[in-house]
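What follows is a short report on a single structure.
All residue numbers refer to positions in the sequence shown, counting from 1.
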Amino acid sequence: MPIHPQEPDRAASDPGAQVPHGDGLRGDLPRPEPPRPDAADSGPSPDAAGPAPAEDAYTTAIQELEDRWRRALADLDNLRKRHARELERERTVERSRTAAAFLPVLDNLELALTHAGADPGPIVAGVRAVRDQAVNVLELLGYLRHAETGVPFDPARHEVVGVVQDPDAAPGTVVEVLRPGYGDGERQLRPAAVTVAKRE
């Protein structure tokens, strides 16, 4: 059997030859590739994942507050309309009650006019009775009549239309009532128009 001589080592025989380093020593193993820049960005973005739970809670709370606000506005509007209807109904009732209270006064005035051609004495007495009846109606409605003389002037109840010199009257007192007043304080229909004694 022939013996072949072994081939001499090239690296040993050729000092200038370079021996591969690193992966060249591992044979045919593949070199690992560096990660691509777009690989890290391939995951889902925060926007694609949808709103955060906290944002959902805030949105729900805002929607609930808006619904409550709309319901409150609707309730307030209904309350305002109901109050307006009730107020108008009360006004109608009060007007009817006041008008009904004055109907007998009108009836007596018409009765007095039917006897206008008779003796003036009874006519005057009848008109005076009708006047007293009207005054009584106002008193029942809460408006007392004020036509007193000789009382001190009260700017809350009197309206001065003249100042006169009267030696029999104390200065600053009511001498004559030209137009009676009705009511007091906040329930005053009008003050009495009077003349007042002149102060010295």
Side-chain angles (χ1 to χ4, degrees), residues 61-200:
I62 291 174
Q63 292 177 352
E64 292 178 355
L65 290 175
E66 289 179 350
D67 293 339
R68 293 173 59 184
W69 175 66
R70 292 190 181 95
R71 287 195 298 268
L73 287 181
D75 293 341
L76 181 61
D77 186 62
N78 293 333
L79 179 62
R80 180 184 59 80
K81 293 179 180 178
R82 183 168 64 253
H83 177 70
R85 290 193 299 267
E86 293 177 354
L87 183 61
E88 183 61 28
R89 183 167 57 252
E90 289 294 330
R91 287 175 177 172
T92 302
V93 171
E94 288 299 324
R95 285 195 297 264
S96 300
R97 185 180 304 169
T98 304
F102 271 98
L103 286 179
V105 178
L106 293 175
D107 294 338
N108 290 330
L109 283 175
E110 291 180 358
L111 183 62
L113 290 175
T114 58
H115 297 83
D119 187 4
I123 298 298
V124 173
V127 172
R128 186 177 289 109
V130 173
R131 190 274 313 271
D132 295 340
Q133 185 180 18
V135 171
N136 184 50
V137 170
L138 289 175
E139 289 180 355
L140 292 176
L141 293 175
Y143 302 103
L144 299 178
R145 184 174 186 263
H146 300 292
E148 303 87 358
T149 58
V151 297
F153 171 76
D154 184 358
R157 299 173 59 183
H158 300 133
E159 178 184 354
V160 178
V161 296
V163 178
V164 296
Q165 186 74 32
D166 190 346
D168 297 331
T173 59
V174 176
V175 176
E176 183 182 5
V177 177
L178 304 178
R179 186 189 63 197
Y182 294 92
D184 293 298
E186 295 181 356
R187 294 180 59 85
Q188 185 183 69
L189 290 178
R190 71 181 186 188
V194 299
T195 59
V196 180
K198 184 177 181 180
R199 296 180 183 273
E200 296 297 337

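- Under the salt bridge (Lys or Arg N to Asp or Glu O under 4.0 Å) criterion, Arg80 pairs with Asp77, sequence neighbours left out.
- A heavy-atom distance below 4.5 Å is not found between the side chains of Val151 and Arg157.
- At most 12 heavy atoms of other shown residues, nucleotides or ligands fall within 6.0 angstrom of atom CZ in Arg68.
- Proximity of Leu138 to Phe102: side-chain heavy atoms (C-beta onward) are separated by under 4.5 Å at one or more points.
- Within the 3.5 Å criterion, the main-chain N or O of Gly181 finds no donor-acceptor partner in the side chain of Glu159.
- Judged by distance alone, the side chain of Asn108 and the main-chain N or O of Pro104 form a donor-acceptor pair under 3.5 Å.
- His83 contributes no side-chain N or O that, together with a main-chain N or O of Leu79, makes up a donor-acceptor pair within less than 3.5 Å.
- Looking only at distances, a side-chain donor or acceptor of Thr173 sits under 3.5 Å from a matching main-chain atom of Ala170.
- With values rounded to the nearest 0.5 angstrom, His146 atom NE2 is found 9.5 Å from Asp154 atom CG.
- Between atom OG1 of residue Thr98 and atom CG of residue Leu140 there is a gap of 11.0 Å, rounded to the nearest 0.5 Å.
- Taking CZ of Arg131 as the start and CD of Gln133 as the end, the distance is 12.0 Å to the nearest 0.5 Å.
- Both the sub-6.0 Å distance and the 45° axial angle are not jointly satisfied by Arg190 relative to the ring of Tyr182.
- Under the salt bridge (Lys or Arg N to Asp or Glu O under 4.0 Å) criterion, Arg71 pairs with no residue, sequence neighbours left out.
- With respect to the salt-bridge test (charged N to carboxylate O, under 4.0 angstrom), the residues Arg95 and Glu88 qualify.
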With side chain to side chain contact (heavy atoms under 4.5 Å, CB included) as the test, would you mind laying out the steps for Val161 and Leu178 before giving the verdict? CA-CA 9 Å; Val161 296; Leu178 304 178; 3.3 Å; yes

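- Here Thr92 contributes atom OG1 and Arg89 contributes atom CZ; the two are 9.0 Å apart, rounded to the nearest 0.5 Å.
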How far apart are the C-alpha atoms of Asn136 and Glu139, what are their side-chain angles, what is the distance that settles it, and do they pass the side chain to side chain contact (heavy atoms under 4.5 Å, CB included) test? CA-CA 5 Å; Asn136 184 50; Glu139 289 180 355; 4.1 Å; yes

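- Across all non-hydrogen atoms, the minimal contact from Pro180 to Arg145 is CG-NH2, 3.2 Å.
- Two residues are said to be in side-chain contact when any heavy atoms from C-beta on lie closer than 4.5 Å; Glu176 and Val194 fail this criterion.
- Shortest non-hydrogen contact noted between Val174 and Phe153 is CG2-CA, 4.4 Å.
- For Glu94, the salt bridge (Lys or Arg N to Asp or Glu O under 4.0 Å) partners two or more places apart in sequence, or in a different chain, are Arg97.
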Steps toward side chain to side chain contact (heavy atoms under 4.5 Å, CB included) verdict (Val175, Thr149): CA-CA 6 Å; Val175 176; Thr149 58; over 6 Å; no

Report the C-alpha separation of Val160 and Thr195 in whole Å, then their side-chain angles, then the decisive distance to 0.1 Å, and conclude whether the side chain to side chain contact (heavy atoms under 4.5 Å, CB included) test is met. CA-CA 6 Å; Val160 178; Thr195 59; over 6 Å; no

